[in-house]
Amino acid sequence: MSMITIEFEELRLIPGHALVAYGHADIFWEYEPDDPSVGYRGGYSYTVEDIYIESDDPTAASKPIWPTSELFKMIDEALHRSDWEDYIIDQIKEDRENYF
């Protein structure tokens with residue numbers, strides 16, 4: 001597995017509502033190639049491992065969010081919605097191209 005870090009701004013936690021988050025997340029990803037002999041279509045998959053929320057104080061450090069918290073779950077779900085998923089997959093593809 002490989003890892004990238006993505007930053008998010010105004011990440012909408014509840015679609016259609018004004019609850020947003022600012023921060024960054026460590027994303028672990030992997031790529032599985034196609035296997036035409038069995039009809040398997042490969043591709044990219046990823047998991048959100050670590051999430052940090054930015055402070056509104058420029059001198060303060062980001063705050064890590066515990067994986068067992070409801071906020072972690074909300075951010076994780078938001079990062080798997082189609083608009084962010086497309087962005088993350090593009091970042092993963094770029095990381096893979098730079099790696100190989």
Side-chain angles (χ1 to χ4, degrees):
M1 273 196 155
S2 298
M3 188 198 82
I4 61 170
T5 299
I6 59 118
E7 293 185 20
F8 51 87
E9 293 182 356
E10 296 186 17
L11 177 65
R12 194 169 300 273
L13 301 182
I14 302 173
H17 293 82
L19 179 61
V20 296
Y22 294 78
H24 63 276
D26 294 334
I27 309 281
F28 284 84
W29 65 269
E30 62 185 347
Y31 175 77
E32 291 189 26
D34 296 341
D35 186 352
S37 66
V38 294
Y40 176 70
R41 223 178 135 184
Y44 296 94
S45 63
Y46 65 91
T47 58
V48 177
E49 291 294 318
D50 299 306
I51 298 173
Y52 301 86
I53 297 297
E54 298 300 326
S55 172
D56 58 0
D57 177 354
T59 63
S62 302
K63 178 178 175 55
I65 304 301
W66 291 103
T68 55
S69 74
E70 188 64 28
L71 181 56
F72 189 100
K73 180 181 173 189
M74 292 173 77
I75 293 172
D76 183 35
E77 287 176 2
L79 291 173
H80 280 88
R81 287 192 198 108
S82 62
D83 54 341
W84 276 92
E85 187 170 65
D86 291 344
Y87 170 75
I88 291 170
I89 295 297
D90 286 344
Q91 296 303 304
I92 289 170
K93 287 178 181 177
E94 185 176 313
D95 186 57
R96 183 169 185 251
E97 287 171 6
N98 292 333
Y99 184 71
F100 292 106

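On a predicted model such as this, the values are computed, not experimentally measured, just so you know.
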When every non-hydrogen atom of Ser55 is compared with those of Ala60, the smallest separation belongs to OG-CB, 3.4 Å
Working to the nearest 0.5 Å, report the span between CD1 of Ile75 and CD1 of Ile65.
6.0 Å
I need the minimum non-hydrogen distance between Ser37 and Asp35, along with the two atoms involved.
OG-OD1, 2.6 Å
Tyr46 versus His80, closest heavy-atom pair with distance:
CE1-NE2, 3.3 Å
Specify the closest pair of heavy atoms between Arg12 and Val20, including all atoms of both residues, with the distance to one decimal.
CA-CG1, 4.1 Å
Looking at side-chain heavy atoms only, is the closest gap between Met74 and Leu19 below 4.5 Å?
yes
Can you measure from NZ (Lys73) to CG (Asp76) and round to the nearest 0.5 angstrom?
10.0 Å
For residues 47-54, dump all side-chain donor-acceptor pairs below 3.5 Å to protein atoms at least two apart in sequence or in another chain.
residue, atom, partner, partner atom, Å
Thr47, OG1, Glu49, OE2, 3.0
Glu54, OE1, Ser62, OG, 3.1
Glu54, OE2, His24, ND1, 3.0
Glu54, OE2, Ser62, OG, 3.2

Sub-4.5 Å side-chain heavy-atom contact between Lys93 and Tyr31
no
Minimum heavy-atom separation for Asp95 to Met3, with atom names?
OD2-O, 4.1 Å
To the nearest 0.5 Å, what is the distance between CD1 on Ile27 and CD1 on Ile92?
7.0 Å
Could I get the full list of side-chain contact (heavy atoms from CB on, under 4.5 Å) partners for Ala18, not counting sequence neighbours?
none
Got a second to check how far Gln91's CD is from Ile4's CD1, nearest 0.5 Å?
6.0 Å
Using a 3.5 Å distance criterion without hydrogens, assess whether the side chain of Arg96 forms a donor-acceptor pair with backbone atoms of Tyr44.
no
Correct closest heavy-atom pair for Phe8 and Leu79 would be CD2-CD2, 4.5 Å
What residues form a ring pair (Phe, Tyr, Trp, His ring centres under 6.0 Å) with Tyr22, not counting sequence neighbours?
none
